[in-house]
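Values reported hereafter were calculated over all heavy atoms of this structure, with side chains retained and with hydrogens, waters and symmetry mates removed. Residue numbers begin at 1 in each chain, while the letters A, B, ... track the order of the sequences.
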Amino acid sequence: MTENLSEADAANELMRLARKIAKHNKLYHAEDSPEISDADYDALVRRNNALEEAFPHLVRDDSPNKLVGAAVAASPLSKVKHEQRMMSLDNGFSDEDIAEWLARVRRFLNLPEDAPVAVTAEDKIDGLSCSLRYEKGELVLAATRGDGQVGEDVTANVRMIGDIPQMLCPGGGRGPESLSTGPRPSPGNNIPDLFEIRGEVYMAKADFAGLNERLMDEGRTDAAAKGVEFDPEKIRQFANPRNAAAGSLRQKDANITAKRPLKFWAHGWGVHSDLPGETALDVMEAIASWGVPVSPLVRRMDSLEEMLGHYRHIEAERAEMPYDIDGVVYKVDRLDWQQRLGFVAKAPRWAIAHKFPAEQAQTTLESIDIQVGRTGKLTPVGRLTPVTVGGVVVSNVTLHNRDEIGRLGVRPGDRVVIQRAGDVIPQVVENLTRDEQREPFHFPDHCPICDSEAVAEEGEVDVRCTGGLICPAQRFQRLVHFVSRVALDIDGLGEKSIAEFIAAGWLESPADIFRLHQHRAEILAREGWQEKSVDNLLAAVEKKRQPDAARLLFGLGIRHIGTVTARDLLKNFTTLKRLREVAELAQESEIYRSSRAQSRDGDAGQGVSTSLDTNGEGVASASTSLDTNGGDTAPDTNGEGGASPEGDVAWAEITSIDGVGPAVAQALADFFHEPHNREVWEDLLSEVSPPDYIVETRDSAVSGKTIVFTGKLETMSRDEAKAQAEALGAKASGSVSAKTDLVVAGPGAGSKAKKAAELGIEVIDEAAWAEIVAAAG
DNA sequence: TCGCCTCGAGTTCC
DNA sequence: CTCGAGGCGA
């Protein structure tokens, strides 16, 4: 990551980092008021350490690492779990995206193609999402969005924001800043006992500029008072209004927040005892009537044309607006429809953000580096002359794969246009230079880390390092994945420590993490480790002795098994033990036997096996690590015989799970076929004991049953019916088998209903299903 | 078999 | 976030 930096640049960056880190240390320790999160702070320190490692001769006298007690991290704000998850929004960029969204909504609701669907449109302001919990009209808790499930408690800070009332006032709009257009709501609204308002804390453009000026002035005065020379570079100004709002809200000392010009807009709600109305607009008007500012341009509209016209109008006015917006949000207005539409993964189906085109910038592609991921994928990363796009400085950009480089025709030295897609991930849009004289970029055919062959499998775009176990990059990345926040989530075991422990020989497989305590004294003896930091780390490890089984499974990094599939598998098997039993049994299935025989004959390069020959060294040392690519390295001790009917049943049991097909079943069976993996698995499970995986569900007549929906349903789509079934603790399956308990058949049901009849399974119609749902509440 | 949708995997910035 | 690929309905 640092190799391509010139010395001058590195020295420069090290200087800036030293200043920054010193500043934040001071803010944290002396003034008890950090302006950045611990994660952000850690990132600065990590970057600094990486640079120091790459350029040891440039290490500064005032290096953060030479200062005592510099790298202490602690949580400035306490965490709050959201009672109702704070979702993000689906994004659309083109008119077609919006048209498609509207069509999807109609399809899901089973409406005709031309049926009117009323939506609200409002500005999407660029700020910080925040939830405000009011009990009996009184503000009791405010929290940031965080990761959607857990945010930070900012109640004290939020009380300092003038826009946000401590007490909701029934039936009376408050000031000129509340809903400025649209009808005034009728007075006399009752305020629900419990109501969580969700919205955006933001800073107006003018206030942002003023704040930066003020920070500069204060720095000047401060310098004068101390009799030191004033250096404008040392003043930390905010890069954009969004950062300013975030930095100002997330203060430990609410008095600092009080001095910052923050504002608030409601755009939705969370948990509530009552909803004042039947449409989104009703509720927003009620919220405005309680004295909380609401986006001033909430409009209701009935057609796509109207929506797109509104979007263009806002886009044209954008520059003149007093605040930064990044798009328009549309929501289905009818709340009963919102409820039926529900959620996909992290976003509601009933809303979409129509984003403005991303800001673009030109810069030079200086070089192309290759990174190796945990699956061995070789990813080219473009190093850019740093350039500001959309308020942040971008210096790296992913080029995805070999084809993308070819498609763009980029070569080091070219001028390129980049943008931040969806305002987050930078991407190269266009190559401005077509200089055929320049040497084309040569995509490596060997892994830059372990030198194993790197090949693209037939029909695949990605080029992968075939080193598997023996590639240090892959072993390292797998461990990083295992402890990452999305998997086991072991706090304080970052990339740097993992690399350090691997180098020391204490860490090779996941189970070793749980034996790190045996090396406590040795770790303490190392530079950079204090009593406290070691104990914090070991405590974080101990906290995961009873890990969530699905996270553990996901953490192992078995191919095709991500968060969702891991959960789906465990919902069905309850324990990892059972999962393994079935997966091993499935190795005896006819399908598995024949597919393995085929891949051996064809030898299309399942990769791992060939590479072991090209790089004989290190194989033995890799034996305790994971081979997630499957068992091709393993001698097939079982021979070709041994197919069994039980195996076929096990295979069917796996593939009958909704969303799980042959690829997943094969990956699972492969995983357990490989002796190394079995060792790693047993080793790991001797260190941890995940509790049985039990999903909480509402009690109903169909709890624990397997239901199949077939035919055309009248009042809802099949997706919706499935979602209902799952909420009632039932399992929605795709096909009828002996395990099916109930079939819900609409008109036009064919073979499935017939098969159900043959198997003697109960078949009901949609009306009967509706009754079951209603009975469960 | 085709086309849609969801999931997995890799990634950037602070 | 984006892309490719697996899963599944039609």
Name the residue closer to the 5' end of DNA chain B, choosing between A:S395 and A:K377 according to the nucleotide with the nearest heavy atom.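 The residue whose closest nucleotide sits nearer the 5' end is A:K377.
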
Residue whose nearest DNA chain B nucleotide is more 5′ - A:G376 or A:R104: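 Counting from the 5' end, the first nearest nucleotide belongs to A:R104.
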
How would you label the contact of [X] with the nucleic acid (heavy atoms, under 4.0 Å): base, sugar-phosphate, or nothing?
| X | value |
| --- | --- |
| A:V397 | nothing |
| A:H560 | sugar-phosphate |
| A:L399 | nothing |

Which listed nucleotide ([options]) is nearest to the side chain of [X]?
| X | options | value |
| --- | --- | --- |
| A:R374 | B:dT11, B:dA9, B:dC13 | B:dA9 |
| A:P426 | B:dT12, B:dT11, C:dT2 | B:dT12 |
| A:P662 | B:dG8, B:dC13, C:dG7 | C:dG7 |
| A:A663 | B:dT11, C:dG6, B:dT12 | C:dG6 |
| A:T563 | B:dG8, C:dG7, B:dT12 | B:dG8 |

Could you tell me the separation between the [atom1] atom of [X] and the [atom2] atom of [N], rounded to a whole number of Å?
| X | N | atom1 | atom2 | answer |
| --- | --- | --- | --- | --- |
| A:I370 | B:dT11 | CD1 | P | 11 Å |
| A:E495 | B:dG10 | CD | P | 13 Å |
| A:D568 | C:dG6 | CG | C1' | 13 Å |
| A:E100 | B:dC4 | CD | P | 9 Å |
| A:I418 | C:dC1 | CD1 | P | 18 Å |
| A:E404 | B:dA9 | CD | P | 21 Å |
| A:R464 | C:dG4 | CZ | P | 13 Å |
| A:N401 | B:dA9 | CG | C1' | 12 Å |

Looking at B:dG10, I'd like to know if its phosphate oxygens (OP1 or OP2) sit under 4.0 Å from a side-chain N or O belonging to A:T398.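 Checking A:T398 against B:dG10: no side-chain N or O falls below 4.0 Å of OP1 or OP2.
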
Establish, from distance only, whether the side-chain atoms of A:R559 and A:T375 form a donor-acceptor pair under 3.5 Å.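 Not at all, the side chains of A:R559 and A:T375 share no donor-acceptor pair under 3.5 Å.
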
